[in-house]
Structures are given as structure tokens and as C-alpha cells.
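See below for the structure under consideration.
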Amino acid sequence: KFHPSPLLQEFRVAAILGFCAMASDMASPFLVSLETAEGQKLLQESRFGNLRPYFCNQVNPMFCGLCSAAICLNEILDKRLSFNNSSLTEKIDDLVQLKEKKTTIQEDDILQLGEARLVLRKEDVDEEGITLQTFAKLINSVGLYGRFYHAFQSHESTPRTFPVISSVDEFRSTALENLEKAGSHVVVNYDLAALYPKVNVGHFSPLGGYHFREDMFLLLDVWPYNPICWVKAQKLFDAMIAEDSSSHLPRGFCIISVD
């Protein structure tokens, strides 16, 4: 496998940073920023906001998936005692000890856990990020449940060798069913170009709320130049259909849960 030189990798990261920063400076017609009056009104009328207090931005430009995982795990671990599930506590003992030691689990901690369990390697993440399937495998490796779904258009032939969602209705139903559960979160893997034109970069971010009347999800975008924003369910689903150049499969979403 070809591995780029450090100089080439630095150039690639700088290009990603530059393109994403420029795109973020332009207001997206598909999004409603949480910082606006409209965004705040939607927040007051929404549900499923328990993840928002744990939000943080990614530090490494290639660690959006690891940052998203850290946000979800911090919330789950803070409330783990309410599950009254001794078998769960035993399964995630390494996470529990890490949380007690550091208070807040960060993206670098998730990377170290993934490397220790041979799920990923830092050089690979630095080069290409992670795929949806690797993200789910990472969650499973630390003792929780990661269930991933690739997003296909309903009219396409959907292979059944892996879990798929083939309509926005399926996506919405599955996402809401899990957002309603304690200790369950939804992380979406999507193409930024669908929301910020001209930025053809894959991205991970958790969902932090839903507005029923407007059919909009609150996207806790971990990219430091992007705002937390509301996005229509259909637009988000369209963004997940884009192909991941590493796996050559559509993107999608992952459910993180305690059972």
C-alpha cells in the first residue's frame, strides 16, 4: 500500500483545512445555524438534546470520527450507573477507568483504544480518516454496540451483504427510535459537499436533536469552522448517499448503544 511522505500528507491536510475554512465562511442555503434566532427557536421546540452538553470540536483534521465517538461515549459513561447493568459495566471497564482518570475522553484516547484493539492505525487515519464500517467496529471493540447502515437511494439495487437504509423515511424512523433511548446515539457519515458546495470531503458528526414539525435534525458538526446547525432530514440523507472513496460504498450512519 502506498503511504504518502510526511510533506505530502501535510500538504493534503493543509488543502483540506483551506477548502473547508473557505466553505464555512459561506452561509449554506441548506442549513440553519444554531446561533441564529431561528436556530434557537427550533432548539426550544425540539427533542433529544441530551448530547449537546458533551459537544466539542475535533482537533486533528482527520479525526472527525474519533471526536464524534468521544462525544457519545462521554455522555454514555456519565450516565452509566442509571442503566443498572453490571454486565455492561464489566464490558466497558477500560472505558470506565479511563473516564474516571481523565474526566473527559478525547479523540486521542479513542485512537489509542482503537490501536490497542488492532481496529485501526494512526498512520491510516492520518492518511484517509476512517470508514463507516471501521467506526462501528471501533465502538464494538470498546464494549458498546455499533450498528452501521449504508444509505442507498430507494430506486437503486441495494446489495444485502451489509445493512442498508434505502429511503429517508427509514433513516428518520431508525434515527428517532434510537435517539429516544437512554444510552443510544446516532453518528452520521456524510459528504460535506452536499451541505457546503465545492468541499468534497467525507465527515462524521453526531445528531443532537430533532424538530418534528420542520423535520430537521440538529447536526453537531465537529469541524471547528462549521456551526452546529439544523438540516432537513432529506438533505442529510442525500449527503449520506455519496460514495466513500476508501470503501467504495455509500456513506451512512451508525447507532451507538449500550444494548
### Query
Do the side chains of Val187 and Tyr54 join up, straight or via other hydrophobic residues, at under 4.5 Å, putting them in one cluster?
no

### Query
Checking side chain to side chain contact (heavy atoms under 4.5 Å, CB included) for the pair His248/Glu243: CA distance, chi angles, key distance, verdict?
CA-CA 6 Å; His248 304 292; Glu243 181 179 297; 3.6 Å; yes

#### Entry: From CD (Glu180) to CZ (Phe48), nearest 0.5 Å
4.0 Å

### Query
Mind checking whether Phe135 and Phe148 have ring centres under 6.0 Å apart?
no

### Task
For residues Phe217 and Phe253, establish whether the separation of their ring centroids is below 6.0 Å.
no

### Summary
Residues passing the side chain to side chain donor-acceptor pair (under 3.5 Å) test with Thr174, sequence neighbours excluded, are none

### Task
Kindly say whether Cys64 contributes a backbone atom to a donor-acceptor pair with the side chain of Ser68 at under 3.5 angstrom?
yes

### Message
Distance check, rounded to the nearest 0.5 Å: Asp221 atom CG versus Leu192 atom CG?
### Response
6.5 Å

### Query
salt bridge (Lys or Arg N to Asp or Glu O under 4.0 Å) between Glu115 and Lys122: does it pass, once the steps are laid out?
CA-CA 7 Å; Glu115 287 187 307; Lys122 184 179 187 300; over 6 Å; no

### Query
Do other residues, nucleotides or ligands put more than 12 heavy atoms under 6.0 Å from the NZ atom of Lys41?
no

#### Entry: N/O donor-acceptor pair under 3.5 Å between Asp191 side chain and Ala242 backbone
no

### Side-chain (Gln153) to main-chain (Ser167) donor-acceptor, under 3.5 angstrom
no

### Query
Would you call Arg172 and Asp215 a salt bridge, using N to O less than 4.0 angstrom?
yes

### Query
Quick check: does any side chain N or O of Glu45 sit under 3.5 Å from a backbone N or O of His211, one acting as donor and the other as acceptor?
no

### Query
Going by an N to O cut-off under 4.0 Å, is there a salt bridge joining Lys102 and Asp109?
yes

### Query
So, does Arg117 use its side chain to make a donor-acceptor pair with the main chain of Ser141 at under 3.5 Å?
yes

### Atom NZ of Lys235: over 12 foreign heavy atoms under 6.0 Å
yes

#### Entry: Polar side-chain atom of Asn57 near backbone of Val222 as donor-acceptor pair, under 3.5 Å
yes

### Message
Quick check: closest heavy atoms across Arg251 and Asn189, and the distance to 0.1 Å?
### Response
CB-O, 3.0 Å

### Task
Enter the distance from Asn226:CG to Leu220:CG here, rounded to the nearest 0.5 Å.
12.5 Å

### Query
With no hydrogens and no angle check, is any side-chain donor or acceptor of Asn74 less than 3.5 Å from a backbone partner on Ile105?
yes

#### Entry: Carboxylate-amine/guanidinium proximity below 4.0 Å for Asp94 and Lys99
no

### Message
Which label fits Tyr190 and His203: parallel for a plane angle under 30°, tilted from 30 to 60°, or perpendicular past 60°?
### Response
perpendicular

### Task
Measure from the side-chain N and O atoms of Gln58 to the backbone N and O of Asn60, and report whether any donor-acceptor pair falls under 3.5 Å.
yes

### Query
Residues in side chain to side chain donor-acceptor pair (under 3.5 Å) with Asp238, at least two apart?
Gln234

### Message
Given Leu207, which partner from the list Val188, Leu176, Asn178 fulfils the side-chain contact (heavy atoms from CB on, under 4.5 Å) test?
### Response
Val188

### Task
Could you walk me through whether Ile256 and Ser184 pass the side chain to side chain contact (heavy atoms under 4.5 Å, CB included) test, one step at a time?
CA-CA 6 Å; Ile256 300 176; Ser184 182; over 6 Å; no

### Query
Just checking, any donor-acceptor pair under 3.5 angstrom between side chains of Ser33 and Thr36?
no

### Summary
Between the OG atom in Ser257 and the CD1 atom in Ile76, the distance rounded to the nearest 0.5 Å is 7.5 Å

### Message
Using the rule that Ile, Leu, Val, Met, Phe, Trp and Tyr join whenever any side-chain heavy atoms are under 4.5 Å apart, tell me whether Leu195 and Phe55 fall into a single cluster.
### Response
no

### Query
Could you walk me through whether Glu214 and Lys232 pass the side chain to side chain contact (heavy atoms under 4.5 Å, CB included) check?
CA-CA 8 Å; Glu214 297 296 334; Lys232 288 283 189 181; 3.6 Å; yes

### Message
Determine whether Cys72 and Leu51 satisfy the following criterion, side chain to side chain contact (heavy atoms under 4.5 Å, CB included), listing intermediate values before the conclusion.
### Response
CA-CA 7 Å; Cys72 297; Leu51 196 59; 4.1 Å; yes

### Query
Is a side-chain donor-acceptor pair under 3.5 Å present for Asn50 with His185?
no

### Task
Using modelled atom types only, decide if a donor and an acceptor are shared between the side chain of Trp230 and the backbone of Gly39 within a distance under 3.5 Å.
yes

### Task
Without swapping roles, check the side chain of Ser46 against the backbone of Gly209 for a donor-acceptor pair under 3.5 Å.
no

### Query
Would you call the rings of Trp223 and Tyr225 parallel, tilted or perpendicular, where under 30° means parallel and over 60° means perpendicular?
tilted

